[in-house]
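Computed from a predicted structure; not experimentally measured. Letters go in sequence order (proteins before strands), and every chain restarts at 1.
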Amino acid sequence: MSAVSLPPTATLSRGRSLRQDAWARLRQNRLAMACGTVLIGIVLLCYVGPLFCSHTIEAQNLDQGATPPSAEHWFGTDEAGRDLLVRVLTGGQVSLNVGALATLVSLIIGVAYGATAGYLGGRADSVMMRVVDVLYSLPFMVFVILLTVAFGRSMMLLYLAIGAVEWLTMARIVRAGVQAQARQEFVEAARSLGLSDSRIIFRHIVPNVLGPVIVYTTLTVPAVMLLEAALSFLGLGVQPPQSSWGSLIDQGAKSMETYPWLLGIPAGFFSLTLFCFNFVGDGLRDAIDVKSGKD
Amino acid sequence: MLSIRLFPLLCAVLAAVGLTGCGSGTMDAKEGAERKILLVGNGADPRFMDLHLVNSVSEHHLMMALFEGLVAEDPVKDAEAEPGVAERWESNPDKSVWTFHLRHNARWSDGVPVTAEDFVWSWRRMLTAALAAEYSQMLFALKNGREFYEQKVSAEAVGAKALDAHTLEVTLVGPTPHFILMLLHTSWWPVPRHTIEKYGDPLDRVNPWSQEGHMVGNGAFQLKRQLFRQVLEVEKNPQYWDAANVKIEGIRFYPIDSDSTEERLFRKGMLHVTEIVPLDKIPAYRRDHPGIFKQDPNTAVYFYRINTERPALKDPRVRQALAYALDRESIVRNVTRAGQKPAGGLVPAMEGYAAADLFKFDPEKARGLLAAAGYPGGQGFPKFEILINTSEAHRAIAEVVQQMWQQHLGISIGILNQDFGVYLDSMSRIDYDIMRGGWNADYLDPATFIDMWTTGNGNNNTHWSNPEFDRLVAAATQEGDGAKRFALLHQAEELVLAEVPAIPIYFYTRSRLVHPAVKEWHPKLLDNHPWKHFELISPPPASSMDSFWNR
Amino acid sequence: MLRFILRRLFQSLLVLGVVFTATFFLIRLKPGDPFAGEKAMPASVRAQMEKRYGLDLPVWKQYFVHAASFARGDLLPSLRYEGMPNAKIIADSFPVSLVIGLSALTVALGVGLPAGIIAALRKNTWLDYSAMSLAMLGICLPTFVMGPVLQWIFALKLGWLNVAGWFERSDWILPSATMGLIYAAYIARLTRGGMLEVLNQDFIRTARAKGVPGRQIVLGHALRGGLLPVVAFLGPAFAGITTGSFIIEKIFQLPGLGQHFVGSVFNSDYTLVQATTVFYAALLVLINLGTDILQAWLNPRVRLT
């Protein structure tokens, strides 16, 4: 802090007002607020709800297989006669964890890597981006299968690893933004003030590319959750009897015309979550967009 | 601006590629019936078209259209075969030497006669190790077959002799009462020497003789075109000796690998016969369309292999306990749902061989056995896993089994899902606790289900071994009397079942949807329906599905 | 510019080499072998097969044999589909995926760009919300749900199209729509974000102040800069779009390339894994090169180095 020649008080007060501005703008965005509320509701439901369920995820009643929603089973039962409500809620925990963890990992790696490459430019940038090309090209399925062989029994490790693969696009997007910013006047100014590269990158440039980063982050959450679903389709997802939204949707899709609720209910939760994520993401993007307030 | 420029460009590219896009048009079941073309869902693309290399069910179905052996599949009966290239045959009293009289009008699709020499040459090709034919061991039934394969004797020593162009004498290793049924397997059928040699080295696995445009066969149909992942079409072979009695003009085999896509295609009226019926659709089809839904018994068994060297699972009493704690009735009624039979043994019922009926659901007895083995109420039982490969049905069964063992024995287990390749690797390395397995017959004989449990057999994969069992199986192969042979096999099966290296679960059925345009449909135990006997009715008779088809 | 392209092409060759090497060793780490089936293969047969395809050699030797072939442009024959050259497998299936991919891209741009632009121009109005909701449809459901739903509506209920298969021109429509709707969602969101970013910049304000008509501002000035994130996203995505999707090809029974990416790995078809991966990598580096050039054109501040 002390190395900065700007008056610290000015930075602080301005920072606070920015945040307040952003919050005020976000509050004006009714759809984003509504979606945020729904999202919090879903998260609470998934984590707290199962504590109040009288059924367990694995208790079967084979002769009561695939019954539609009823007073006893609010969401009906699946083909093995298991309560769908508790399976959807605990499955939601898995999917939400996956979305959050993998996205966080990809965000951290992607922003750091992309920003560095974009700022440094030249040879370093070339090398770093060719490394991204290589990682992009490697067959994803080989990774996934090797990871399932290695960590098949620990889903969280698996999805952390998936996050580590998902950062590539983020890196490209951040790099493109940073490249555009790196040659603007304020960067030159910061450099002439003798600020360190990392400080310039992360304090001055990255905040300016936050817009696309937030948009892409909120695209990564659905992407990762969809990926989890696709892996379930290939049989590489969670191990039974554990469920995830992806695995429930996969099983539901196989009998969508016969037992529609087995698809409809988990897919409804899944879609609603992704939908809300997207609008909250757009709202956040708009909120932190400094210039938009002056419109 | 960008989008405005990009759009016409994209459209232009699309139009250009579109001109070269697709193959020929589609044909629906009605048009197929009218033009006498059978439309069949056939599961998968063939990996091989060389008769000697094929090893899958879908390939077998294609070969049944393109080739014919000495004897041919009977359209109705399971334990008999009808004449094929051979008009008639006889054997010596102990059924170890067989003489086949070939019909004079049997011809390859290029008009060249099929002779006894063709069979002799084909069998030698099959038995040459360099070809690496997976089913070459089927021909070890021939005298000196194994020795020739191991290059210990010359080709002339192999027990197959052409006495003249139309007489074939076959000498077997020992008495083989079921030899005629063995001959229904592709490994015994002839390949055209003159065509194979024309296109290259007969021992070259990738010799192009079996490609579209080159292939010559002797079946009722010949290859018309093959489009990978789209269709394989065969047309009537005018050179076929019985062509006058072949009532359809051709068959289109569609390699559809998704059961739900196949069902939707059938519902749209695009198929005559499906490969399978999706699990969840079975009850509705059975109830609403009984004339369409076919559920035939199938000679195959579903079981769980046990690694008999794992702690706890080493004890036969534990394995028995696991077997008695399964309510198979409930599994077939609620999970598999296609009328499967609960399996009390490892060999499905066949003519003259009744299926064993052990392991009636008995939780009391199971708990007793487990307690006797030192795990009362499941206490102290080590944690283990059921290994399955990716499939809706395997997962559903494993979840139910998991629950039953938990409930009745108090032991908790996990389920480990691997993709097929990794799963096979785990199986061959015997790196599992308990794993799902299945076995179907290459030809109709109980021994095909029993041999696999002998010591060191490549399909045993359980570490289980029992010298008395091995002795009984060996004795059965030397027994010329059918009934005595079955008795020996029964004894052997009882031995396996007593020690339970594998827990039988159910005997398969085969469910299909069959369009009413198909004149007759007969259940066949091995699911091999001879295409030459199919007939199509045009216009198709009214059916319960008409509301879908006449949209 | 030319020097830049030449240097990038040279780098691309290096990338391909690294990708090939990594793939070669990674796929061999996976348990399983290309000849396995449910019934055990007799040991003598397996030995023959391994000898035939050089799998009995030490791995480093195999590596040099394979690397030499690939360097010559010979992608070797498949191990699983014996006798079928990998180059032919790719040549047969890639056009199908390309057709589906390009029409999917048309759907994606056709839905995504207008939705994103409208949403940006009418920020936080109901028009914004409904345009974005519409664009969002494609990523709210996994493809293995969207595909069957489209089949059910358009093939079975309405009877307009075939359920599956690759026989008629109309067989493009459902798979392209299924795939296009996913990317439409991404494009709409990135467009909206990018546009908003640019619309607030000084040069647009200046243009507005000068009285340049709104339409011209949007199409002539804002779109050019606003599309940057879309281009950065589409570059790498393009290779994925045009090389097919395993799930879509399975649902619609298509003879595309996507099935081979997944199938070859499942089957441990080593040579096919190598061939498809190197092909994909080549496509990807070329497209990325194109993307970088396009980005430089869209944003003069980016210099090609």
Side-chain angles (χ1 to χ4, degrees), chain A residues 55-67 77-83 87 141-155 158 230-244 246-263, chain B residues 258-261 263-264 267 277-285 287-288 326-337 383 385-407 412-423 425-426 431 548:
Chain A
H55 303 280
T56 63
I57 58 162
E58 73 273 351
Q60 302 178 346
N61 185 350
L62 284 179
D63 292 314
Q64 290 288 304
T67 53
T77 60
D78 71 3
E79 287 165 80
R82 293 175 293 196
D83 181 60
R87 287 181 69 74
M141 283 314 298
V142 178
F143 273 120
V144 172
I145 292 180
L146 287 178
L147 290 170
T148 45
V149 172
F151 308 122
R153 292 163 182 85
S154 163
M155 277 297 127
L158 177 67
L231 290 183
S232 294
F233 179 83
L234 295 173
L236 300 172
V238 290
Q239 298 292 356
Q242 180 59 263
S243 62
S244 70
S247 71
L248 291 172
I249 292 172
D250 172 46
Q251 288 157 33
K254 290 190 171 108
S255 53
M256 58 187 266
E257 290 168 68
T258 318
Y259 314 118
W261 65 93
L262 291 184
L263 174 62
Chain B
S258 154
D259 57 355
S260 37
T261 297
E263 188 273 333
R264 283 183 207 117
R267 195 156 15 122
V277 186
L279 269 184
D280 71 290
K281 298 276 191 223
I282 290 175
Y285 270 105
R287 184 181 64 235
D288 302 336
L326 292 187
D327 183 354
R328 294 172 182 73
E329 291 285 350
S330 173
I331 292 176
V332 298
R333 188 176 61 242
N334 297 305
V335 185
T336 63
R337 281 175 283 179
K383 176 112 180 120
E385 278 172 334
I386 303 179
L387 171 63
I388 55 171
N389 60 305
T390 303
S391 138
E392 174 74 2
H394 299 330
R395 182 191 54 72
I397 293 169
E399 285 181 341
V400 170
V401 169
Q402 179 183 40
Q403 185 65 19
M404 286 176 176
W405 283 342
Q406 166 77 53
Q407 189 184 336
S412 93
I413 55 167
I415 297 173
L416 180 64
N417 183 105
Q418 293 179 339
D419 80 80
F420 197 53
V422 179
Y423 154 94
D425 189 68
S426 304
D431 177 19
F548 295 99

* Asked: Going by atom types only, do Thr77(A) and Asp83(A) share a side-chain donor-acceptor pair under 3.5 Å?
  -> no
* Are Thr258(A) and Asp280(B) linked by a side-chain donor-acceptor pair shorter than 3.5 Å? -> yes
* Structure fact -> So, the part of Val335(B) with a heavy atom under 4.5 Å from chain A: the answer is side chain
* For Glu399(B), is it the side chain, the backbone, both or neither that has a heavy atom under 4.5 Å from a heavy atom of chain A? -> both
* So does Lys254(A) pair up with Asp250(A), basic N to acidic O under 4.0 Å? -> yes
* **Minimum side-chain heavy-atom gap Ile415(B)-Glu385(B) below 4.5 Å** => no
* **Top contributor to chain A contacts, counting heavy-atom pairs under 4.5 Å, from Thr390(B), Asp419(B), Asn334(B)** => Asn334(B)
* Greatest number of heavy atom pairs closer than 4.5 Å to chain A - which of Gln407(B), Lys281(B), Met404(B), Arg395(B) -> Arg395(B)
* Any idea which of Val422(B), Val400(B), Ile388(B) has the most non-hydrogen atom pairs under 4.5 angstrom with chain A? -> Val400(B)
* Given a strict heavy-atom distance threshold of 4.5 Å, which part of Gln402(B) is in contact with chain A: side chain, backbone, both, or neither? -> side chain
* Asked: Are side-chain heavy atoms of Ser243(A) and Arg82(A) found at a separation under 4.5 Å?
  -> no
